[in-house]
Amino acid sequence: MKIGILTGGGDCPGLNPAIRAVVKKSVKLGHQAVGFRDGWKGLIELNYKDLDSEAVSGILHLGGTILGTSRTNPFAKEGGSQKVIENIKKAGIDVLVAIGGDDTLGVAHKLYGLGINTIGIPKTIDNDLSATDFTFGFDSAVNIVMNALDNLHSTAESHHRVLVVEVMGRHAGWIATYGGLAGGADHILIPEKPFTTDEVCDSINRRHDRGKTFSIIVVAEGAVLSESEKVMTKGAKTDAFGHVMLGGIGKFLCEEIEKRTGFETRDVVLGHLQRGGSPTAYDRILATRYGIAAVDLIQKKDFGKMVALRGNQIVAVSLEEGIKRAKTVDMDLYEIAQTFFG
Ligand code: F6P
C-alpha cells in the first residue's frame, strides 16, 4: 500500500518519533510511505516527498516535525476538500495517516466520510482529547513548565517577588495543573474554573502572612475572569479553524496583583518554548507506540480510526469519538493542587 503521512496544527515534541515509527514499520511490511509537507496544505498543493527508512533515521530525539506543519483547513477553502481528494488519487495514496489535534483529526474524519481511508494519531501539548488518556507532546510541555518554575523559584525568592507565569491551554488547563503541581505553584488558574482577582490576592496574602516573601502563580492562557466571563486575546484575528490568538491574562494579573497587594510582581509568558525542544522519554515511547498501532490498523484495513491510550493499553476508537468532546481538567486533580494554594 502507499501510505501518506502528514502533521497538522501546532507542532509538539513527539511528532518525529511518530513519523519514524509509521515509516519504519510500514517499510518493514513492504509498504511505501510518503510525507505531505505542512499539514493539509501539502495535500492541497500536492507537495510531498518519499519517506524511506533512511529519511527518518536520526530524528527520534528531534523536536518539531520533519514534514512541517500548518493550520490549513481544506474545508474552509473554496474547493479545498475536492482538491485534497483529487490529489490523494493523483499521488496514488491508499491511506492517509493524519497526526494532529482535534482540528487535524476533524478534517481526517470528514475525509473518511467522503470515502478516503484515514487513520488518526493524537498529538497536542494541551492534552485535551477526551478519547485518549494522554496525547504526546503534553509530557514534554509539562517538563518545560516544571523546569521553568524551578528556575523562577530562586529569583522570586531572592527578590521577594510574586511571579505570574502564563502557560498554554486554550480550553483546558492540563499544562497549568500538571506543570504547576510538579513545579510547586502557589496558585493555579485554569479555564475550567473562572476566578476573581481578589481570590488570587487573598491566596498570596495568606502565604505572605505565614512569613513567605514570594509566590509563584501559574495561569493558563485561556483562564477566565469571573468578573468579565471573558478570555484575554491578542486581537480578533482567527485562524482557519476559527481560533483567536490568546494571551494577556498573565500581564493583566501581574498589574492587578501589584496594585492590590503592594508586592512587587513580574510576569513571564512561556509561550512557544512549551512546544519546542526534544521530546521526553515518555513522549518518545507514546508516539512510537501510536505510530506502530496506526500501521497495525492499516494492516487490518481498519480505517476511520484514531489510536488512543487507555490505561497502559493502546486501543483504536473511531475518529468521530476521537474528536467528539474536549477533555477538561479532572476536578479531583485540581483539588489536590488547591491543597498547596495560599
Ligand atoms: O497547539 C495548541 C496550542 O499550543 C495552544 O495551547 C495555543 O493556544 C496555540 O497552540 C498557539 O498556537 P500558535 O502556534 O498558532 O500560536
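All ligand and atom numbering here is 1-based and tracks the order in the structure. The first residue in the sequence is number 1, and the count goes up from there.
- A search for side chain to side chain donor-acceptor pair (under 3.5 Å) contacts involving His159 returns nothing, not counting sequence neighbours.
- Residue Phe214 is tested with Arg161, Glu264, Arg207 for a side chain to side chain contact (heavy atoms under 4.5 Å, CB included); the sole match is Arg207.
- Residues meeting the side-chain contact (heavy atoms from CB on, under 4.5 Å) test with Val84, sequence neighbours left out: Leu43, Ile44, Pro74, Ile88, Leu111.
- For Phe136, there are no ring pair (Phe, Tyr, Trp, His ring centres under 6.0 Å) partners, not counting sequence neighbours.
- In this structure, the side chain of Thr132 does not engage the main chain of Thr135 through any donor-acceptor pair within 3.5 Å.
- Remark: side-chain polar atoms of Gln274 are paired, donor with acceptor, to backbone N or O of Met168 under 3.5 angstrom.
- Listed by chain and residue number, the protein contacts of ligand 1 are Gly10, Arg71, Ile125, Asp126, Met168, Gly169, Arg170, Glu221, His272, Arg275 (heavy atom within 4.0 angstrom).
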